[in-house]
Amino acid sequence: MIKAVYPGSFDPPTLGHVNILQRISPIFEKIIVAVAVNPAKTPLFSVEERIYMMKEIAKNFNNVEVDHFSGLLVEYVKKIGAKVVIRGLRELSDFEFEFRMALANRSLAPEIETMFLMTDPAYSFVSSSVVKEIKALGGDISKYVPDVVLEVWKRKK
Ligand code: PNS
């Protein structure tokens, strides 16, 4: 059984993340969405909120589970017996960060492969940061995020 880990901050999840899940769900037997507890950036949503949102999204798939991790990603991936890390790539600016991270992870744990999916063009500019900026400036974000994100955001106020 090939288990894949889809790690991220998911602060908040976007329809771009959902699109990646839709595309990897038929490829792997099991996908573990791994919500990062301690990313370098300070998240807007608590880890509980991010896990809740991802769990609601995961209900649409029969092979997606949600967990959280702290510390090194590769240690978490080894601990749960997965072999593959999935990352989405949007534009060239993602590439440098992703390339460095994949090489660092490969150096730490050569048995784990990072696989990249190119974004669906419809979501090429959709990121958690863009969504947060649009929302902070009073824009409508309903085109970019799943309903559960709108619901959690409403409760935050
Ligand atoms: O959604 P993001 O913020 O792009 O996700 C980045 C994340 C959390 C996957 C990445 O920062 C990560 O794996 N952090 C854990 C620490 C680690 O293992 N770093 C890799 C060595 S450089």
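We count ligands from 1, going down the list as the structure has it; atoms in each ligand are counted the same way. Computed from a predicted structure; not experimentally measured.
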Next item on the list: Would you please name every residue forming a salt bridge (charged side-chain N to carboxylate O under 4.0 Å, His left out) with Lys132, sequence neighbours left out?
Entry: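 Partners of Lys132 under the salt bridge (charged side-chain N to carboxylate O under 4.0 Å, His left out) test: Asp11.
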
Just which atoms of ligand 1 are under 4.0 Å from any heavy atom in [X]?
{"X": "Phe69", "result": "15 (C)"}
{"X": "Leu72", "result": "17 (C), 18 (O)"}
{"X": "Ala36", "result": "8 (C)"}
{"X": "Gly71", "result": "15 (C), 16 (C)"}
{"X": "Asn105", "result": "20 (C), 21 (C)"}

Next item on the list: Pick one of side chain, backbone, both or neither for how Arg87 approaches ligand 1, counting any non-hydrogen atom pair under 4.0 Å.
Entry: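 For Arg87, only side-chain atoms sit under 4.0 Å from ligand 1.
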
Notebook entry, point to check: Which is it for Ser9 and ligand 1 at heavy atoms under 4.0 Å: side chain, backbone, both or neither?
Noted result: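 For Ser9, backbone and side-chain atoms both sit under 4.0 Å from ligand 1.
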
Checklist line | Ion pair Lys55/Glu65, N-O distance below 4.0 Å | finding: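 No, this pair does not count.
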
Margin query: Under 4.0 Å between a side-chain nitrogen and a carboxylate oxygen: does that hold for Lys3 and Glu29?
Written below: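 Looking at Lys3 and Glu29, the cut-off is not met.
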
Next item on the list: Using distance alone, determine whether Leu73 and ligand 1 share an N or O pair under 3.5 Å.
Entry: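 Indeed, backbone or side chain, Leu73 has an N or O that close.
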
Check: Cationic tip of Arg155 within the cone over Tyr52's six-membered ring, i.e. under 6.0 Å and within 45° of the normal?
Finding: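 Satisfied, under 6.0 Å and within 45°.
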
Next item on the list: Identify, with sequence neighbours excluded, every residue that meets side chain to side chain donor-acceptor pair (under 3.5 Å) alongside Glu133.
Entry: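 Per chain and number, Glu133 pairs via side chain to side chain donor-acceptor pair (under 3.5 Å) with no residue.
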
Check: In Å and rounded to the nearest 0.5 Å, what is the CE to CG distance from Met1 to Asn63?
Finding: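 Here the interatomic distance stands at 9.5 Å.
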
